[in-house]
Number of protein chains: 2
Amino acid sequence: MKEKLYIIKIGGALIDNEELVDQFLEQFSGIQEKKILVHGGGKLATTLADKLGVEQKMVNGRRITDKDTLDIVAMVYAGGINKNIVAKLQQKKCKAIGFSGADANLIKAKKRKHAEIDFGFVGDITEKSVNKKLISKMLKWELVPVFSAITHDKKGHLFNTNADTIASVIAQALSIKYDVELLYCFDKEGVLEDVNNSQSVIKNISEKEFLALKVEGKLHKGILPKLENALGAVKNKVNKVFLIKETELINHIENHHAGTEISL
Amino acid sequence: MKEKLYIIKIGGALIDNEELVDQFLEQFSGIQEKKILVHGGGKLATTLADKLGVEQKMVNGRRITDKDTLDIVAMVYAGGINKNIVAKLQQKKCKAIGFSGADANLIKAKKRKHAEIDFGFVGDITEKSVNKKLISKMLKWELVPVFSAITHDKKGHLFNTNADTIASVIAQALSIKYDVELLYCFDKEGVLEDVNNSQSVIKNISEKEFLALKVEGKLHKGILPKLENALGAVKNKVNKVFLIKETELINHIENHHAGTEISL
């Protein structure tokens, strides 16, 4: 039987709230099984860009990572946020070790190519991008990897990569060796039928149901890429994938089902 | 016989010059023996502080690291500079892995205590601060640790720590296991008798000679803490310590003596 491994992703809304971060990290530290944390960026990068007068360019509603923006996200994600999370986990006796994808070539990306739009320094990844051998070694040593959403191309360039996707591909890559449960933690109770009713959690979403919900326009924009990454994981051998509320982490792990489960 | 290990420290003047960094990293990558890189911060942190209107406070000529300044140096050192160096080394087929002292509790510091001055978030360290077991494991795996000048206290706080001191204490801690050569790389040919004459390199400085030069006022301010850290290393079992010009790294390693050697 494979050993259990939790891969847990936290996002911006949490990271921007120091008290919530601390509560979450307390719960995360309490997980007895092997675990990996992946974090996004929060508003800090946008705030810093504003202060520095670095304009955030959007094309068709999607952010462009120019050189100045890349410099900012590398500093904020891999430096400020990552090292503060690691220091706080160390305080809680969790043997955290912070990484970008450049470190030890842990996640090697390809610059995004698009027929019409130049997204700039954005890296695309698949499960093959992940140095699973080295991550497994770290886990074997009882270390707890903490990944920021920065990757590289092994040609000297750093990239901005979606943190949901990083969590998904790490989960896929490590599923060969571990019994992986991928948890997307966010500020909702799960995927909601009615976004204004926290009681309306959809307990299970299959691929078919996801496509139906998408066609019906029932999924608000923010949750779409998360669900796509979640589905990508279950389609590629990740044993369990959930979307849960950040404050429900330990409850989910102990009672085995909070939030929305994504399945085939 | 112990295995050879180079611990190499680079500073601000180099880091601020992209072309020089690239040349240096090319030479660094060429070292066949085990190696560790320690880097300082350069002017980037000061420039960012200026842009953000974070005043840099000095007391008796020494910098105070308040919370805003700490946030900036954590971002710049452990994020921007560290990850860019790691990505460039990866390009050069050097298996770099970037760290702050918080990662895996690699360097645990104590907040500096001073009778009169509150230096803020400044961490003091000794050889006992270093997690030498884990660093040795990384080296055994052929990884190349790259340390930024950020430490932590295992109580959830990051600290700003002098990079010369970090290089010195890592060298001291690893000398039990390795034949360590500590190289302080900077923009001079070595310690100069006459600072305006690059030919006036002092080949060797013993502790006695250092104290005499200090009393005579022959050492300019910038080099004093570097020499003190260098002497701290030789006094604590580090086999060889040199101050060399950055561009002389490979020449030094192949010809065994560029710059100034510090000895007991």
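Letters A, B, ... mirror the listed sequences (proteins, then strands); counts begin at 1. Just so we're clear, the structure is a prediction, and the values are computed from it rather than from any experiment.
For NZ of B/Lys177, the number of neighbouring non-hydrogen atoms (other residues, nucleotides, ligands) closer than 6.0 Å is 12 at most.
Options B/Leu106, B/Ile72, B/Ile97 differ in how many heavy-atom pairs under 4.5 Å they form with chain A, and the most are formed by B/Ile97. Contact tally against chain B (heavy-atom pairs below 4.5 Å) for A/Ala78, A/Ala96, A/Ala104: the top residue is A/Ala104. With chain B as the partner, the residue from A/Leu134, A/Val73, A/Asp71 showing the most heavy-atom pairs under 4.5 Å is A/Leu134.
From B/Leu174, atom CG reaches atom CG of B/Asp179 across 12.0 Å, with rounding to the nearest 0.5 Å.
The minimum heavy-atom distance between B/Ile8 and B/Cys185, with the atom names listed, is CG2-SG, 3.7 Å.
The cationic atom of B/Lys35 (NZ for Lys, CZ for Arg) lies less than 6.0 Å from the six-membered ring centre of B/Phe28 and within 45° of the ring axis.
Ring orientation note: the planes of B/His114 and B/Phe119 are nearly perpendicular, at an angle over 60° on the 30°/60° scale.
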### Message
Apply side chain to side chain donor-acceptor pair (under 3.5 Å) to residues B/Thr247 and B/Gln23 and explain how you reach the verdict.
### Response
CA-CA 8 Å; B/Thr247 49; B/Gln23 283 173 25; over 6 Å; no
### Query
What do the steps show when you test A/Gln27 against A/His252 for side chain to side chain donor-acceptor pair (under 3.5 Å), and what is the final call?
CA-CA 11 Å; A/Gln27 293 200 14; A/His252 171 80; over 6 Å; no
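If you measure heavy-atom distances from B/Asp22 to chain A, you find no contacts under 4.5 Å at all. Residue B/Phe99 touches chain A through its side chain alone, counting heavy-atom pairs closer than 4.5 Å.
Residues of residues 137-156 of chain B that come within less than 4.5 angstrom of chain A, heavy atom to heavy atom, are B/Lys137, B/Met138, B/Trp141, B/Leu143, B/His152, B/Lys154, B/Lys155, B/Gly156 in numerical order.
Under the 3.5 Å distance criterion, with hydrogens and angles disregarded, a donor-acceptor pair is assigned to the side chains of B/Asp103 and B/Ser100.
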